[in-house]
> 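Just passing along the structure, written as structure tokens.
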Amino acid sequence: MVKKMSTLLLSALSLSLLSFGVLAAEPGSNCPPSFGSAQNEAVVVGAARSSMADFNQDGKADLITLDSDGVPSIRFKTENGFSDPVVSDYIHGIYRPAAMAVGYFDGDYVEGNFVANKWPDIVVATTSGAVHLLTSDAYGYFSFRGTPVMRGFYAALAAVDFNKDGMSDILAVDIAGGAVTFLSRGDGNWGDFAYTPTAAGAYAVGEVPISASVGYFDGTLVEGILTVNDGPDLAVLTNQGRVLLYTTDPQGYFTVREAGLAMSFAEVRTIDVNQDQRTDLLTRDSAGVIYLLLRNENGDFTSPQPIGQEQVTSLIGAYDVNGDGNVDVAATSGADEHFAWFASVTALSCQATN
């Protein structure tokens, strides 16, 4: 169904090495990751589902939120904070989103070939059992495609170009832990999908998945060093704080295994902080502390290292917020759940020690 994957390319987790006067840490370098104190922005995110993407192609990640009624908005990152929201308040029909992911699903025909456009779109799973696409235009407004692209009750969604056709595909985990790889056809429509039932014994009684993030976790040890496969894979968090790794084969079927982490987490996101192509984990515990867990050469995760001392209310993920070519950590903080982010200062700490 899916062609054998080509050599792994740097994914959306990879970053440009250019910055404003400071070079980013080189991929695979031994410089220890380092982050500054939380920078609080006057932007209230609240209980909305949130993600980030560089919508206007200026190198800085913009904030995309989806409220409880399914109404999306975009706040563009500026030099002085964030813009006022561009709200697509004419969208109706999505009620109580259960999960959201940002990808590139829309496009145009160019000389007979369908090419994805550069504006991020949203895929949404609802509590009523439908998965919808909200596609955006150049101004930040979204259009609601009324016909669901797929049906089912999904607890977690992720978007990634699995089959390397230039369009985002959907990786989904249903409420029982079963996984779906749903492939775009490269022409704006949808084709085959692969379904992997919940692996026997993977979940305890009463345990269910609550979120998923794309990463590259599977691979082979060559002379003691992990070389990752083409993937992509998923890090799935359960309601009991466990992290499960869903690793894929070239046909889109998953194998599920325990990540082997000692701590219990409230949120998990993926990041390749040192750009060695082995996906690391960002986590938040129940007290609101963010931790970084690096994937080492033999495929294990290191002990959790706290990022700063500030407590946050939710973890949005890893993005280049300020456009300097380094990956930062985005979150919400405080009773009003305002936007807060931790700038990467890894390149500076490398310079200081070299």
Side-chain angles (χ1 to χ4, degrees), residues 12 15-16 19-20 36-97 99-106 116-124 126 132-145 157 159 168 267 269 290 310-344:
L15 301 168
S16 167
S19 62
F20 298 110
S37 300
Q39 301 183 44
N40 296 291
E41 303 277 357
V43 173
V44 176
V45 179
R49 296 186 179 275
S50 304
S51 186
M52 300 190 80
D54 183 6
F55 189 91
N56 54 357
Q57 308 296 301
D58 65 352
K60 297 185 288 291
D62 308 306
L63 180 62
I64 303 173
T65 59
L66 190 71
D67 70 16
S68 59
D69 292 323
V71 176
S73 63
I74 292 180
R75 293 176 173 89
F76 295 100
K77 184 69 176 73
T78 68
E79 295 299 326
N80 300 313
F82 284 88
S83 70
D84 292 334
V86 178
V87 183
S88 302
D89 53 6
Y90 52 86
I91 289 182
H92 299 284
I94 294 182
Y95 183 60
R96 291 183 181 174
M100 177 187 84
V102 174
Y104 296 84
F105 303 101
D106 201 14
N117 63 33
K118 60 184 179 181
W119 303 298
D121 307 310
I122 300 174
V123 59
V124 184
T126 71
H132 292 281
L133 291 183
L134 301 176
T135 56
S136 62
D137 63 18
Y139 303 99
Y141 291 99
F142 288 86
S143 297
F144 171 54
R145 292 191 174 181
L157 295 176
S168 294
E267 287 184 287
R269 301 289 185 268
I290 299 176
E310 294 87 354
Q311 295 179 334
V312 301
T313 51
S314 70
L315 179 59
I316 298 176
Y319 308 91
D320 186 359
V321 177
N322 57 359
D324 68 352
N326 292 291
V327 63
D328 310 309
V329 176
T332 64
S333 181
D336 59 352
E337 296 195 47
H338 60 268
F339 184 85
W341 60 288
F342 301 78
S344 171

> With sequence neighbours left out, what residues match F76 under ring pair (Phe, Tyr, Trp, His ring centres under 6.0 Å)?
F55
> Is there a donor-acceptor contact under 3.5 Å linking the side chains of S83 and T78?
no
> Quick one: list whatever passes salt bridge (charged side-chain N to carboxylate O under 4.0 Å, His left out) with D54, sequence neighbours left out.
none
> Run the salt bridge (charged side-chain N to carboxylate O under 4.0 Å, His left out) test against E267 and tell me which residues pass, sequence neighbours left out.
R269, R284
> Determine whether a donor-acceptor pair (N or O, by modelled atom type, separation under 3.5 Å) exists between the side chain of T332 and the backbone of S314.
yes
> Is there a side-chain contact between H338 and S333 in this structure, where contact means two heavy atoms from C-beta onward sitting under 4.5 Å apart?
yes
> For residues Y104 and P120, determine if any side-chain heavy atom of one lies less than 4.5 Å from a side-chain heavy atom of the other.
yes
> Indicate yes or no for a side-chain donor-acceptor contact from D69 to the backbone of V71 under 3.5 Å, with no hydrogens or angles considered.
no
> Would you give the length of the straight line joining atom CD1 of I122 to atom CG of L133, rounded to the nearest 0.5 angstrom?
10.0 Å
> Identify, with sequence neighbours excluded, every residue that meets salt bridge (charged side-chain N to carboxylate O under 4.0 Å, His left out) alongside R75.
none
> State, yes or no, whether a side-chain contact exists between T65 and V45 at a heavy-atom distance under 4.5 Å.
yes
> D137: what forms a salt bridge (charged side-chain N to carboxylate O under 4.0 Å, His left out) with it, not counting sequence neighbours?
none
> A side-chain contact here means heavy atoms from C-beta on lying under 4.5 Å apart; do V124 and L157 qualify?
no
> First locate atom NE2 of H132, then atom CZ of F144, and finally report the distance between them rounded to the nearest 0.5 Å.
4.5 Å
> Under a 3.5 Å threshold, yes or no: a donor from one side chain and an acceptor from the other, between T135 and S143?
no
> With heavy-atom distances below 4.5 Å as the criterion, would you say the side chains of D121 and L134 are in contact?
no
> With sequence neighbours left out, write down each residue that passes ring pair (Phe, Tyr, Trp, His ring centres under 6.0 Å) with F82, or none if nothing qualifies.
F339
> Find out whether W341 and I316 are in side-chain contact, i.e. whether some heavy atom of one side chain is under 4.5 Å from a heavy atom of the other.
no
